[in-house]
Structure formats: C-alpha cells, structure tokens
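When reading the values below, keep in mind they use all heavy atoms of this one structure, side chains included, and skip hydrogens, waters and symmetry mates. Starting from 1, each residue takes its place in the sequence as its number.
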Amino acid sequence: YVSCLSRLGCATFAFGENYRFQLGLHNEPTLQGVPTPILGLEGHTVSKVATGASHTLFLTEYGRVFVAGSGFSGILGTGDLQDRPQPFLLESLAHTVIVDIAVGV
C-alpha cells in the first residue's frame, strides 16, 4: 500500500510499502511508517498522484510526469526495464502538457 500527501507549494510526502521502490524514497526502508518528504520532487509542485502495487506516477502543476518504482515489463514508460527508486522525469512527454494520470491494476 502506498500513501502520498501533497500540499500546493510545499513538499510531497510518502509512506507505506516500498518493496518495489514505489514511494520514490530511494532504496530504504522497505516499509516507511511515517510521512517522509520525497526529495526527488523537491522544487516541483505535485498536483496529482496515481499509485499501483509496483509503481507511482506524479503529475506536476506544469503537466510534467515523474515515475518511481519497478520497471518490469516497461510499466514506467521510460523506454527500458530499469527500476527507478527515485522520481524520474518522463522526458518522452516533456513537450506535452499532461492533464491527468491514472494507474491500472
């Protein structure tokens, strides 16, 4: 389970299971029991978060999408199968303003 909190103009916090790096808190701990700032999103205002069992999408106020989590089967959209333990900007969408995000089961 993953929980993320965001306050406009402030930091984004995450807590819950991090076994597949889906919290964006780097590698440790595998279970984060208290809200912890996601340092990889510092300087970005997150307007929406979508989470799945193994990955998370973060949408910024400017329509940029960051991903974190397990990269199996290309689920992160980064063009490879690498895990991303910290938020990673989807550069393939950098020239498009994304207005919504969702994660399926």
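Between A68 and G24, the shortest heavy-atom contact is CB-CA, 3.8 Å. Minimum interatomic distance between G77 and S92 (heavy atoms only, all atoms of both residues): O-OG, 4.2 Å. Shortest non-hydrogen contact noted between R20 and S54 is CD-CB, 3.2 Å. Between Y62 and V97 the shortest heavy-atom distance is O-CG1, 4.2 Å. The shortest non-hydrogen separation linking F21 to H26 is CD2-O, 3.9 Å.
Between T78 and L90 the shortest side-chain heavy-atom distance falls below 4.5 Å. With contacts defined as side-chain heavy-atom distances shorter than 4.5 Å, the pair V67/F88 qualifies.
Just one residue in the list L23, V49, I38 forms a side chain to side chain contact (heavy atoms under 4.5 Å, CB included) with T56, and that residue is V49.
L57 and L39 end up in different hydrophobic clusters when Ile, Leu, Val, Met, Phe, Trp and Tyr side chains are linked at under 4.5 Å.
Looking only at distances, a side-chain donor or acceptor of D83 sits under 3.5 Å from a matching main-chain atom of G71.
Expressed to the nearest 0.5 Å, how far CG of L41 lies from CZ of F13 amounts to 11.5 Å. Here the CG atom belonging to L59 is positioned 5.0 Å from the CD1 atom belonging to I101, to the nearest 0.5 angstrom. Taking CD1 from I75 and CG from L81, the interatomic distance works out to 11.5 Å, rounded to the nearest 0.5 Å. A distance of 14.0 Å separates CZ of F58 from OG1 of T45, quoted to the nearest 0.5 Å.
Partners of Q82 according to the side chain to side chain donor-acceptor pair (under 3.5 Å) rule, which considers only residues two or more places apart in sequence or in another chain, are R84. Partners of D100 under the side chain to side chain donor-acceptor pair (under 3.5 Å) rule, at least two apart in sequence or in another chain, are K48.
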Checklist entry - Between E17 and Q22, does a side-chain contact (heavy atoms from CB on, under 4.5 Å) hold up when you go through it step by step? => result CA-CA 8 Å; E17 290 184 0; Q22 66 269 40; 4.3 Å; yes
